[in-house]
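Residue numbering restarts at 1 for every chain, and letters A, B, ... go by the order of the sequence lines.
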Amino acid sequence: MQEKYDHQTLEQAAQQYWESTKAFRAVASKDKPKYYCLSMFPYPSGKLHMGHVRNYTIGDVLTRYHKMRGYNVLQPMGWDAFGLPAENAAIQNSVPPAKWTYDNIAYMKQQLQSLGFAIDWERELATCQPSYYHWNQWLFLRMLEKGIAYKKTQVVNWDPVDQTVLANEQVIDGRGWRTGALVEKREIPGYYLNIVQYADQLLDDLDKLPGWPERVKLMQANWIGKSHGVRFAFPYTLDGKEEKLWVYTTRADTIMGVTFVAVAAEHPLALHAAKNNPELTAFIDECKHTSVMEADMATMEKKGLPTGIFVSHPLTGEQVEVWVGNYVLMGYGEGAVMAVPAHDERDFGFALKYKLPIKQVIAVAGQNFSTAAWAEWYGDKQAGVCVNSGKYDGLGYEAAVDAIAADLAAKGLGEKTTQYRLRDWGVSRQRYWGCPIPIIHCESCGSVPVPDEQLPVKLPEDCVPDGSGNPLHKRLDFLNVPCPQCGKPAKRETDTMDTFVDSSWYYARYASKFSDGAMVDEETAYWMPVDQYIGGIEHAILHLLYSRFWSKVMRDLGLVNYDEPFANLLTQGMVLNHIFSRHPEKGAIQYFAPDEVELLKDESGRVTGAKSLADGQPVDYKGIGTMSKSKRNGVDPQALIEQYGADTARFFMMFASPPEQTLEWADSGVEGAHRFIKRTWSLGHALSTLPRSDVAAKLPDGLASIRREIHLTLKQASYDLSKHQFNTVASAGMKMLNALEKAQKEAAAGWEAVAHEGFSILLRLLSPIAPHITHVLWRDLGYGDDILAAPWPDPLEAALVQDEVELVLQVNGKHRGNLKVPASADKAAIEAAALASEAAQKFMEGQPPKKVVVVPGRLVNIVV
RNA sequence: GCCGGGAUGGCGGAAUCGGUAGACGCAGCGGAUUCAAAAUCCGCCGCCGCAAGGUGUGAGGGUUCGAGUCCCUCUCCCGGCACCA
């Protein structure tokens with residue numbers, strides 16, 4: 001065995017062994033319990049970044065740990081290969097997205113392989129392969145048949161210069177990222193999936209997921225946002241016709257306080273009123289340039305204009321004016337809201353601004369109402385009772401809502417309903433690099449689904465987008481097809497699917513990788529659900545919710561038999577890095593990689609700015625944020641792997657922080673991880689020449705305490721592993737090595753046996769994190785052929801016993817000394833020993849004890 | 001703005017149920033080895049203090065014999081907000 005640690009030859013040898021023995025090929029088998037360990041697949045952006053290393057190391061640690069624990073493990077890998085960055089790269093470099101994507105996949109695959117992950121590569125898939133997206137299309141058609149998929153208008157960001165639809169990410173401060181042109185809202189038709197139909201199931205089934213973090217379940221529940229309220233109408237007459245303006249509210253108890261109604265700029269009433277009103281027309285036009293993003297909507301200045309149209313209050317018949325409000329969303333709810341300035345903070349601000357009446361209809365005993373400023377209790381629905389509300393005066397929230405809903409229902413103007421914040425999922429994208437939506441548009445037959453036998457509708461792979469519009473419009477060979485119904489010339493749909501569709505069911509496809517004739521096969525029933533899913537917390541809502549929805553649709557179509565796809569979820573914290581950019585007046589925003597700038601700091605070490613190393617000019621410091629291709633702040637792990645090896649990179653990543661915690665990237669500390677790996681090798685080398693024997697029944701005190709330290713550390717590490725706290729598992733390895741090196745130094749009689757026992761524990765504990773070095777040492781030391789086949793070590797109780805325990809001695813809660821007592825001592829004996837101790841005497845200063853708290857095994861607190 | 005999370009030495013972090021704050025590392029300092037350096041090894045290392053001791057887990061308050069941990073208020077940072085993935 002080599003004396004010097006050489007990661008290159010050693011890691012290659014280990015990887016070759018796994019390759020040649022097909023160590024990670026997963027085969028369905030009833031002999032062992034199955035364990036499907038899945039990490040979220042990467043977008044092939046070019047190179048791995050540290051977030052990937054973190055994600056996949058966590059997955060690999062769990063995979064290898066469960067293999068050693070005797071599970072039949074599947075860990076697959078693939079590529080979320082459709083998406084916007086490939087089109088951006090195409091615009092920049094004139095390379096077809098397909099070529100760029102496949103090149104990236106090849107490079108990143110080799111990077112993943114060099115990290116030694118226990119992946120079954122035979123199941124690899126990429127979502128841009130027709131054999132995969134065939135089934136996106138097939139299932140979409142089934143949803144269409146079931147009415148789950150349907151068509152309606154959607155609001156998109158329109159770049160008037162490039163004549164193209166922009167993603168939210170491509171809109172910077174209301175302008176197109178490439179053109180700098182003011183972005184407009186535009187309404188176009190698109191396909192939606194009726195996820196709201198599944199809202200109750202998606203909400204209720206969260207209770208079936210004890211293995212999910214509470215925070216994720218809470219976020220999903222809040223996102224679904226089930227609310228109970230009243231949908232009711234304000235009647236009005238327009239052009240001699242009786243009409244109704246519908247709204248929804250969760251605060252029907254405040255209905256008597258309505259002083260106006262607000263509608264969205266796109267609402268028919270607003271458009272009608274604008275006909276002879278140039279000021280309103282201008283305002284509606286201005287609203288076209290406001291953002292469609294919820295965060296912008298919520299923070300922008302609330303503006304409005306009266307329409308001059310009045311509607312009747314459904315209970316009092318009073319006339320209230322309709323306003324157009326820039327904060328009312330057409331696509332959400334009814335596109336109109338009742339306004340109760342006295343009891344809604346947003347309405348209150350709006351009323352103050354436009355001097356609209358504020359009418360108090362809820363009172364809380366002991367609180368005075370004033371229209372001068374908003375007070376927290378105005379909006380508290382549980383605190384007060386109705387006032388100024390006629391027959392409803394004195395009623396509390398529930399009673400008032402019930403009475404008012406009943407009266408509205410009696411007039412045919414309203415009813416109690418349940419509503420969700422969740423909106424249906426718009427899946428149409430006006431983009432090239434995605435899965436084609438399998439529809440053909442025929443002038444006589446309308447939108448006709450592509451027949452199943454013509455699937456998959458293959459995306460041409462040689463287009464090069466140029467930033468203006470969808471290149472599929474120019475691909476006549478793709479575009480022009482006969483109508484499947486009447487045979488006349490027709491046009492293919494050129495919209496592609498949201499890439500969230502691709503990632504909503506890939507986990508099921510891995511499990512049926514060898515099936516070509518169906519979306520999934522019976523192997524899926526064996527492997528699913530995923531036992532452990534691992535991925536970034538940023539996916540807590542959208543991806544996970546869409547996957548849950550997709551699973552339920554597949555279940556309802558009889559394709560699978562599970563309700564929930566992911567039994568256990570580990571949400572990995574993001575790896576963050578500094579972000580630097582320049583924003584030119586016109587044109588594209590420019591990002592700088594952290595190694596392209598020099599940081600400027602104030603005296604406290606806080607980053608205040610930066611300047612470009614290339615031109616010495618300042619760049620904007622945008623704070624820290626998640627590593628991403630678009631912000632150019634990702635760190636490629638390649639240099640780390642080459643310099644220190646995969647084991648060091650993996651070990652360092654696990655050691656750096658607990659998996660669920662956000663991590664600000666810094667490579668200080670890699671040296672320490674590497675030192676530890678090298679020291680492990682050195683001790684292994686030293687032990688390789690030492691004879692192995694059983695640990696003696698009676699050990700000298702020093703050796704016994706070292707052995708105890710190892711088993712105690714193992715016990716702690718086993719607990720930490722069960723909690724997925726891998727950073728302390730890594731430090732447990734360090735503690736064990738420290739203890740073993742101490743034994744080596746002291747070299748008391750019989751130490752070899754303790755050392756071999758301890759070292760074999762250390763190797764097994766470490767092998768999920770640093771698989772290469774532990775694989776080689778396990779063989780070189782003759783412990784066995786394959787450490788993956790070795791049983792997981794359990795701490796020996798016999799090694800843990802001790803005769804004496806040390807307790808903490810406190811006087812008045814302050815640590816004043818330590819106390820050694822026999823392990824068998826009872827509370828009374830401990831209390832007596834504590835009171836008699838020198839430290840206690842000193843700090844009690846002759847006062848009698850008022851109380852003595854004894855926590856066995858921990859401490860004694862004497863209160864005087 | 002709304003929803004979720006976080007804040008502990010110079011840095012990453014540890015502390016399972018409310019029970020020794022700072023495990024394990026990094027950086028730093030001192031020493032050994034070396035012609036010298038790297039590597040390696042040994043020791044020190046929250047802050048104030050010569051010491052005794054005091055003080056200390058983002059800020060302020062509270063509960064408790066005892067609070068990093070529980071409760072209330074606040075600040076800052078991160079993630080998500082439906083077309084980045």
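- Nucleic acid contact class of A:Gly625 (heavy atoms, under 4.0 Å, all strands): sugar-phosphate only.
- Nucleic acid contact for A:Arg429: base, since at least one base atom lies under 4.0 Å from a heavy atom of the residue.
- The OG1 atom of A:Thr250 sits 9.0 Å away from atom CD of A:Gln419, with the distance rounded to the nearest 0.5 Å.
- Nucleotides B:rA7 and B:rC44, compared at atom P, are 30 Å apart to the nearest Å.
- Listed by first and then second residue, the salt bridge (charged side-chain N to carboxylate O under 4.0 Å, His left out) pairs that reach into residues 660-669 of chain A come to none, sequence neighbours excluded.
- Within 4.0 Å (heavy atoms only), A:Asp720 reaches no atom of the nucleic acid at all.
- Put simply, A:Asn727 has no side-chain N or O that comes within less than 4.0 Å of OP1 or OP2 on B:rC24.
- Evaluation of the side-chain hydrogen bond (donor to acceptor under 3.5 Å, both in side chains) test over residues 186-195 of chain A, restricted to residues two or more places apart or in two chains, returns A:Asn194-A:Gln197.
- Distance noted for atom C1' between B:rG49 and B:rU34: 39 Å (whole Å).
- For A:Met734 and B:rG12, the CE to P distance is 17 Å, given to the nearest whole Å.
- Across all strands shown, A:Lys745 has heavy atoms under 4.0 Å from sugar-phosphate atoms exclusively, and none from any base.
- Closest heavy-atom contact between A:Gly83 and A:Tyr43: O-OH, 3.9 Å.
- Taking atom P on both nucleotides, B:rC26 is separated from B:rU16 by 24 Å, rounded to a whole Å.
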Dump every N/O contact between nucleotides 48-55 of chain B and the protein below 3.5 Å, one line per pair.
from	atom 1	to	atom 2	distance (Å)
B:rG53	OP1	A:Lys842	NZ	3.2
B:rG54	OP1	A:Arg816	NH2	3.2
B:rG54	OP2	A:Arg816	NH1	3.3

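- For the C1' atoms, the distance from B:rU57 to B:rC70 is 16 Å, rounded to whole Å.
- Looking at heavy-atom distances under 4.0 Å, A:Gln725 makes contact with sugar-phosphate atoms alone, never a base.
- Judged by distance alone, the side chain of A:Lys302 and the main-chain N or O of A:Met300 form a donor-acceptor pair under 3.5 Å.
- Counting non-hydrogen atoms under 4.0 angstrom, A:Ile862 reaches nothing in the nucleic acid.
- Applying the salt bridge (charged side-chain N to carboxylate O under 4.0 Å, His left out) test to residues at least two apart or on different chains, the pairs with a partner in residues 427-436 of chain A are A:Arg429-A:Asp498.
- Heavy atoms of A:Leu859 sit under 4.0 angstrom from at least one base atom.
- In terms of position on RNA chain B, the residue among A:Arg423 and A:Leu218 whose nearest nucleotide sits closer to the 5' end is A:Leu218.
- Taking atom CG of residue A:Leu329 and atom C1' of nucleotide B:rC81, one finds them 12 Å apart after rounding to whole Å.
- At a threshold of 4.0 angstrom between heavy atoms, the contacts of A:Tyr43 are confined to the sugar-phosphate backbone, with no base atom among them.
- Here A:Trp223 lies in heavy-atom contact (under 4.0 Å) with a base.
- Looking only at atom types and distance, the side chain of A:Asn136 has a donor-acceptor partner in the side chain of A:Trp505 under 3.5 Å away.
- In this structure, A:Phe676 reaches neither bases nor backbone, as no heavy-atom distance under 4.0 Å exists between it and the strands shown.
- Separating the NE2 atom of A:His815 from the C1' atom of B:rG56 is a distance of 16 Å, rounded to the nearest angstrom.
- Proximity of A:Ser668 to the phosphate of B:rA27: no side-chain N or O atom is located under 4.0 Å from OP1 or OP2.
- Remark: A:Arg708 engages no residue in a salt bridge (Lys or Arg N to Asp or Glu O under 4.0 Å) (not counting sequence neighbours).
- Here B:rG13 is the nucleotide among B:rG79, B:rG13, B:rA23 with the atom lying nearest to any side-chain atom of A:Ser657.
- When heavy atoms are screened at a 4.0 angstrom cut-off, A:His543 is found touching no nucleic acid atom at all.
- Put simply, A:Arg675 has a side-chain N or O that comes within less than 4.0 Å of OP1 or OP2 on B:rA27.
- Here the nucleotide nearest the side chain of A:Pro85, chosen from B:rC81, B:rC3, B:rC84, is B:rC84.
- Looking at heavy-atom distances under 4.0 Å, A:Leu542 makes contact with a base.
- Scanning atom types as modelled, one donor and one acceptor separated by under 3.5 angstrom connect the side chain of A:Gln430 and the base of B:rC83.
- With values rounded to the nearest 0.5 angstrom, A:Trp433 atom CH2 is found 12.5 Å from A:Thr499 atom OG1.
- Across all strands shown, A:Gln154 has heavy atoms under 4.0 Å from base atoms, whether or not it also approaches the sugar-phosphate.
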- Should A:Arg251 and A:Asp344 be marked as a salt bridge (Lys or Arg N to Asp or Glu O under 4.0 Å) after you check the CA-CA gap, both sets of side-chain angles, and the distance that decides it? CA-CA 9 Å; A:Arg251 291 300 308 274; A:Asp344 178 275; over 6 Å; no
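- Counting any heavy atom pair closer than 4.0 Å across all strands shown, A:Ala540 reaches no nucleic acid atom.
- A residue-by-residue look at A:Lys622 and A:Val670 shows that A:Val670 has its nearest nucleotide of RNA chain B further toward the 5' end.
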- Represent RNA chain B in dot-bracket notation, 5' to 3'. Only Watson-Crick or G-U wobble pairs with both distances under 3.5 Å count; pseudoknot-style crossings use [ ] and interstrand partners use |. (((((((..(((......[....))).(((((.......))))).(((....)))..(((((..]....))))))))))))....
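- Relative to the side chain of A:Glu671, the nucleotides B:rC65, B:rG19, B:rA27 differ in distance, and B:rA27 lies closest.
- Cation-pi contact between A:Arg632 and A:Tyr591: absent, since separation from the ring centre below 6.0 Å together with deviation from the ring axis within 45° is not met.
- The side chain of A:Asn861 has B:rG66 as its nearest neighbour among B:rA23, B:rC83, B:rG66.
- Using a 4.0 Å cut-off, some side-chain N or O of A:Gln661 falls inside it from OP1 or OP2 of B:rG13.
- If you take atom C1' in B:rU69 and the same atom in B:rU64, they sit 13 Å apart, rounded to whole Å.
- The phosphate of B:rC2 has neither OP1 nor OP2 within less than 4.0 Å of any side-chain N or O from A:Asn222.
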